[in-house]
*Asks:* 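Quick one: structure below, then a few questions.
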Amino acid sequence: MNNNSKTGIIIAGLIIGVIASLLVLFGNPANMGFCIACFIRDTAGALGLHQAPPVQYIRPEIIGIILGSFGVALATGEFSPKGGSAPLTRFAIGFCVMVGCLMFLGCPFRMIIRLGGGDLNALLGLAGFALGILCGVFFLNQGYSLKRTYRLAATEGVILPAVAAALFALLLLAPAFIHFTEPDGGPGAKHAAIFISLIAGAVVGILAQRTRLCMAGGLRDVVLFKDFRLISGFAAIFVACLVMNLILTAATAGTYFHMGFAGQAIAHTDGLWNLLGMFTVGFGAILLGGCPLRQLVLAGEGNTDSAMAVLGLLVGAAFCHNFGLASSGEGPTANGKIAVVICIAVLAVIASVNTFGKKE
Amino acid sequence: MERVDARGLSCPEPVILTRKAIQKGANEIEVLVDNVTSRENVTRSAEHAGYKVSVSENDGEFTMSLRK
């Protein structure tokens with residue numbers, strides 16, 4: 001596949017959209033074939049980093065994405081261990097992005113999937129996401145940079161893929177200290193068979209690595225460069241998801257497409273906070289150089305700065321459930337609203353300091 | 001000749017720096033990058049702006065010559 005072709009990324013997006021819909025057919029929660037934020041959150045729960053019983057499961061999709069990207073990067077000679085570009089700052093941004101995701105109840109990837117399932121609340125999320133991206137682009141144009149990365153020893157780049165493989169072993173062995181949501185106990189209990197999820201994740205990891213797919217990069221490149229390549233992948237996921245959901249609704253007993261605001265699966269109808277949550281995510285994703293999916297893929301390629309962002313997402317998810325920051329179907333929490341406002345302020349400070357604070 | 005050292009920077013920064021050099025009206029620009037994604041993105045952006053791009057690789061680093 002030609003990495004630069006628009007056709008390539010459109011085909012990849014279509015395949016990814018179909019896979020996302022099929023994962024729901026195979027058992028994942030509704031409108032959640034993929035959600036990087038939710039799946040990292042579930043994994044945090046399985047490891048006991050938070051104690052919210054409904055959302056505890058080691059999600060093989062996350063493992064598959066990291067290992068798929070790692071494998072294809074090794075095969076193509078693109079595996080390149082590096083780091084040193086403001087790692088702790090990236091950890092903090094990752095944390096803030098997770099707070100925003102769990103306010104909205106989904107990462108940018110799930111936002112598209114929710115739109116493809118007819119969840120109109122995601123339109124408010126999309127508006128916030130776009131505004132956040134514009135905010136980030138403003139700082140990029142003013143010279144925002146987290147400075148250079150440096151080459152590291154190969155072992156550094158292998159650590160996160162090795163951890164992913166170890167997590168997979170824990171999932172298979174299911175020792176008593178790993179928490180799993182009880183059957184019918186919440187979204188964590190809904191999942192496709194382990195190997196279906198793993199393979200689905202690996203295919204998405206491989207396609208995303210080859211095409212550089214990024215949900216935040218799409219709109220960013222349109223605004224910055226009038227380059228429509230990445231956003232065409234974003235659009236293709238939506239189209240494939242929508243069509244597949246309509247087909248599945250017609251062909252099966254289940255409902256995969258339900259248009260409206262109320263009664264959407266694992267979503268709430270508070271428009272303002274859907275918007276502000278995804279504003280935080282869009283802004284943070286631009287500061288990181290990519291959405292949560294892209295961070296996983298880059299981490300698989302050996303980028304330890306992205307691995308730090310992934311750890312920030314993980315710890316952020318644990319905080320969200322330990323301190324009542326995450327929304328639920330009933331709506332956002334007071335604590336969550338305060339946290340989102342703080343995170344927007346933190347991102348603004350990080351952006352300002354790294355734009356105006358230090359000139360090379 | 002303009003020179004852009006974008007080694008260690010990840011996208012979109014290499015493209016932003018290259019475009020700044022392009023906007024200065026340089027006919028020849030040398031861009032250094034150290035990852036394939038940046039090489040692809042700088043190439044696409046430069047070709048779009050009417051430059052011919054040739055690339056040489058040395059130990060994971062790419063030296064890109066952009067010519068009008």
Side-chain angles (χ1 to χ4, degrees), chain A residues 2-6 8 73 76-86 90 133 136-137 139-152 209-214 216-217 220-230 286 288-290 294-295 297-298 301-303 305-306 354 360, chain B:
Chain A
N2 181 348
N3 298 337
N4 272 315
S5 80
K6 212 183 267 181
T76 55
E78 287 185 29
F79 180 71
S80 159
K82 56 189 175 186
S85 162
R90 290 176 188 272
I133 289 171
V137 165
F139 286 100
L140 276 176
N141 272 328
Q142 300 295 315
Y144 169 83
S145 173
L146 289 179
K147 303 295 176 251
R148 295 174 200 273
T149 57
Y150 298 90
R151 272 195 223 182
L152 298 173
Q209 198 281 339
R210 295 316 298 152
T211 58
R212 327 304 187 199
L213 182 73
C214 173
R220 176 199 69 197
D221 286 358
V222 171
V223 177
L224 268 177
F225 311 132
K226 298 190 174 52
D227 179 344
F228 288 81
R229 199 187 76 89
L230 283 178
I286 296 305
L288 282 175
R294 181 82 182 134
Q295 298 305 316
V297 168
L298 287 170
E301 290 177 25
N303 186 325
D305 293 326
S306 291
N354 289 289
E360 213 171 323
Chain B
M1 184 177 76
E2 288 285 330
R3 194 161 180 277
V4 176
D5 183 358
R7 286 175 298 177
L9 298 178
S10 49
C11 276
E13 286 178 60
V15 180
I16 293 175
L17 295 174
T18 304
R19 284 169 61 97
K20 280 188 178 156
I22 288 174
Q23 277 157 12
K24 285 186 195 164
N27 285 324
E28 274 187 61
I29 308 170
E30 184 181 77
V31 185
L32 304 176
V33 298
D34 68 353
N35 63 80
V36 179
T37 306
S38 296
R39 186 196 70 198
E40 292 166 0
N41 291 346
V42 169
T43 301
R44 205 166 57 242
S45 188
E47 285 177 349
H48 191 70
Y51 287 79
K52 280 205 164 60
V53 181
S54 60
V55 184
S56 63
E57 182 184 357
N58 180 23
D59 193 23
E61 292 187 359
F62 302 97
T63 305
M64 312 179 63
S65 301
L66 281 46
R67 282 199 176 75
K68 261 271 177 203

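Since the structure is predicted, the reported quantities are computational estimates derived from the model, not experimental observations.
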*Asks:* Does B:Glu13 reach the side chain of A:Leu146, with side-chain heavy atoms less than 4.5 Å apart?
*Replies:* no

*Asks:* Could you state the interatomic distance from CZ (B:Arg44) to CZ (A:Phe225), rounded to the nearest 0.5 Å?
*Replies:* 9.5 Å

*Asks:* Find the distance between OG (B:Ser10) and NZ (A:Lys82) and round it off to the nearest 0.5 Å.
*Replies:* 7.0 Å

*Asks:* To the nearest 0.5 Å, how far apart are CG in A:Asn141 and CZ in B:Arg19?
*Replies:* 9.0 Å

*Asks:* Output the distance between atom CZ (A:Arg229) and atom CG (B:Asn41), rounded to the nearest 0.5 Å.
*Replies:* 7.0 Å

*Asks:* Please name the pair of heavy atoms, one in A:Arg220 and one in B:Pro12, separated by the smallest distance, quoted to 0.1 Å.
*Replies:* NH1-CD, 3.4 Å

*Asks:* Answer yes or no: is there a side-chain heavy-atom contact under 4.5 Å between B:Ser45 and A:Asp227?
*Replies:* no

*Asks:* Is chain B contacted by the side chain of A:Asn303, its backbone, both, or neither, given a heavy-atom distance below 4.5 Å?
*Replies:* neither

*Asks:* What distance do A:Arg151 atom CZ and B:Asp59 atom CG have between them, rounded to the nearest 0.5 Å?
*Replies:* 4.5 Å

*Asks:* Which heavy-atom pair separates A:Arg212 from B:Thr37 by the least distance, and what is that distance?
*Replies:* NE-OG1, 3.3 Å

